[in-house]
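Presented below is the structure to which this report refers.
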Amino acid sequence: MSSIDYSQKIPNNVNLSEDRALQRALEQWQPNYLKWWDEIGPEGTRNFDVYLRTAVSVDPQGWAQFGYVKMPDYRWGIFLNPKEEGRKIHFGEHLGEDAWQEVPGEHRANLRRIIVTQGDTEPASVEQQRHLGQTAPSSYDLRNLFQVNVEEGRHLWAMVYLLHRYFGRDGREEAEGLLERRSGDADNPRILGAFNEPTPDWLSFFMFTYFTDRDGKFQLLALAESGFDPLARTTRFMLTEEAHHMFVGEAGVARVLQRTCQVMNDLKTDDPARLRAAGVIDLPTLQRYLNFHFSVTIDLFGADQSSNAAIFFSSGLKGRFEEGRREDDHRLAGRTYKVLDVVNGALIEKDAPMLNALNEVLRDDYIKDSRAGIERWNRVMEKAAIPFRLKAPHKAFNRRIGTLAGVRVSPEGQVVSEAEWEAHRNEWLPSPEDRAFIGSLMGRVVDPGRFANWIAPPAMGINRQPLDFQYVRFN
Ligand SMILES: [Fe+2]
Ligand SMILES: [Fe+2]
């Protein structure tokens with residue numbers, strides 16, 4: 001039942017061939033998608049054979065298929081988790097009613113907006129990562145980059161299916177728009193800020209996949225609770241792909257730390273200049289990259305108080321992380337939540353109506369999850385007997401959205417003047433010199449089994465292949 005029909009032009013498990021009009025519309029979008037991939041997807045990779053994983057069904061075993069694929073031939077398709085019979089809406093004003101199989105008229109505009117906003121992030125990250133293949137630290141890492149890229153492409157397909165299937169003509173127009181906006185473009189940028197930042201080097205890529213793909217995870221988890229059943233089923237399957245992206249980020253940073261610690265112990269130094277001269281990334285620089293990616297990513301959750309967030313929840317469109325496991329009334333009227341405010345130059349906590357603070361609730365769930373992984377990174381230093389520890393900066397640090405946008409706050413959470421901010425900026429965030437140094441480390445290493453000097457090899461290969469396996473053939 002959950003297996004995927006690969007005999008179709010567009011692989012799917014939604015019986016696409018039974019809806020001719022929809023099939024035709026999507027088959028018309030497909031060449032535009034491929035044109036987008038060719039123009040702005042991974043640069044110069046058209047003929048590479050990449051050892052990729054393709055889903056053959058949506059159950060957990062369905063991921064077992066690995067083989068060499070040319071990326072433009074990747075079987076992007078439409079995969080929804082199986083339908084749960086009798087599923088009910090379990091939060092908001094419609095609590096207890098049957099989940100919607102079609103879009104309720106009064107929620108149409110909001111649902112479309114949610115789907116377009118999510119959909120826009122997917123091609124954006126492919127665009128941001130477009131040049132990274134030129135400077136891969138190994139064949140293994142190159143393959144992981146491409147796996148992430150094709151899956152983000154598939155996430156775009158997932159959202160475009162919903163737009164075409166449920167939103168008629170304006171859905172089709174939105175689907176075209178998703179191929180027209182460009183990350184970082186001055187005239188027609190991607191919708192959300194972090195998706196217009198460049199991902200110029202592999203340290204940024206690993207931080208991005210750790211922090212920003214994790215934002216994706218939390219957004220998808222909130223949408224997986226949706227009363228609009230097709231959205232819930234689509235995002236459930238997307239989450240299985242997202243897990244790999246975060247693995248790439250977490251393991252990537254851990255391997256950078258491992259290599260740095262090894263050289264610190266070999267040279268018996270923690271002097272950034274000596275470590276840089278030895279071609280590895282010093283730990284304070286890693287902390288600055290972490291500060292940047294953490295702060296830019298938590299802005300993605302939106303303003304700390306938002307009437308849209310309240311509407312999305314109350315109308316049953318977007319739930320909370322683990323909505324079903326929470327023990328409250330799932331309506332939240334009259335409840336409050338602590339948000340930050342700035343009063344007389346100091347940060348204070350104040351109570352806000354919880355419905356309006358749901359962006360903050362999701363952001364706090366995200367922060368908790370992010371911190372757990374930072375603690376796992378710290379075990380690398382602990383094992384190497386190095387006292388340095390990474391930590392998440394304060395939630396108010398370097399924010400551009402919401403109440404905190406107008407105030408300068410140190411990573412420790414002290415409100416500082418503009419002059420103090422400027423004086424310390426390069427200790428807190430990557431400086432132009434840091435970025436130039438990281439850039440200088442980026443050289444292409446793709447001989448099977450070889451790894452760039454600044455990163456340790458992984459503990460094991462993909463699909464139990466050896467580390468010197470040829471994960472990408474260049475032809
Ligand atoms: Fe994605
Ligand atoms: Fe992702």
Side-chain angles (χ1 to χ4, degrees), residues 33 36-37 40-42 50 52-55 58 63 71 74-81 114-130 132-133 141 143-163 174-175 178-179 181-183 190-197 199 202 204-224 226 231-253 293-294 296-298 300-301 318 321 362 366 369-370 373 462:
Y33 169 82
W36 166 82
W37 179 270
I40 200 83
V50 187
L52 293 177
R53 176 181 81 155
T54 305
V58 296
W63 272 120
M71 282 190 284
Y74 185 76
R75 302 307 316 273
W76 285 290
I78 299 158
F79 318 130
L80 270 61
N81 263 23
I114 288 171
I115 292 167
V116 169
T117 306
Q118 179 63 41
D120 193 69
T121 67
E122 315 291 357
S125 65
V126 176
E127 294 165 5
Q128 288 170 294
Q129 295 160 15
R130 166 171 173 67
L132 289 174
D141 289 290
R143 176 266 168 210
N144 282 349
L145 166 72
F146 293 155
Q147 182 76 50
V148 170
N149 291 159
V150 294
E151 287 174 0
E152 297 302 6
R154 209 210 61 77
H155 287 179
L156 172 60
W157 271 93
M159 294 297 110
V160 164
Y161 165 71
L162 295 177
L163 290 169
E174 294 283 12
L178 288 168
L179 295 176
R181 284 184 290 275
R182 289 283 181 274
S183 176
R190 292 294 172 184
I191 296 169
L192 299 171
F195 290 91
N196 288 300
E197 298 280 348
T199 309
W202 279 76
S204 300
F205 172 65
F206 292 137
M207 291 287 180
F208 185 97
T209 42
Y210 182 79
F211 287 107
T212 310
D213 283 90
R214 187 176 309 274
D215 159 71
K217 166 184 161 182
F218 276 79
Q219 299 298 344
L220 294 177
L221 280 166
L223 297 177
S226 182
L231 177 60
R233 291 167 58 203
T234 305
T235 45
R236 285 258 165 244
F237 184 70
M238 291 164 76
L239 281 160
T240 63
E241 295 163 320
E242 209 61 78
H244 172 256
H245 309 176
M246 286 177 297
F247 158 79
V248 168
E250 180 166 339
V253 172
H293 285 272
F294 179 88
V296 167
T297 301
I298 62 174
L300 287 171
F301 292 88
K318 184 176 177 182
F321 167 58
L362 193 59
Y366 167 89
D369 199 51
S370 291
I462 301 296

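Residues take their numbers from the sequence shown, with the count starting at 1. Order of listing sets the numbers, starting from 1, for every ligand and every atom in it. Both backbone and side-chain heavy atoms feed into the values below; hydrogens, waters and symmetry mates do not.
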Which of the N/O/S atoms in [X] sits closest to the Fe ion (ligand 2)?
| X | answer |
| --- | --- |
| E242 | OE2 |
| H245 | ND1 |
| E152 | OE2 |

Discussion item. Both conditions, 6.0 Å and 45 degrees, for the charged tip of R214 above the ring of F218: are they met here?
Written reply: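 R214 over F218 ring: no.
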Worksheet item: In terms of side-chain heavy atoms, does E151 have a donor or acceptor partner in H245 at a distance below 3.5 Å?
Response: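 There is such a pair between these side chains.
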Any N/O/S atom of [X] sitting less than 2.8 Å from the Fe ion (ligand 2), backbone or side chain?
| X | answer |
| --- | --- |
| E122 | no |
| H155 | no |
| D213 | yes |

Just by distance, do the side chain of [X] and the backbone of [Y] share a donor-acceptor pair under 3.5 Å?
| X | Y | value |
| --- | --- | --- |
| R236 | L80 | no |
| R233 | N81 | yes |
| R130 | P42 | no |

Practice prompt. Assess E151: does it contribute an N, O or S atom lying under 2.8 Å from the Fe ion (ligand 1)?
Written response: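 False for E151.
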Item to complete: Kindly indicate whether the side chain of Q219, heavy atoms from C-beta on, has any atom under 4.5 Å from the side chain of Y366.
Response: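 Q219 vs Y366: side chains apart.
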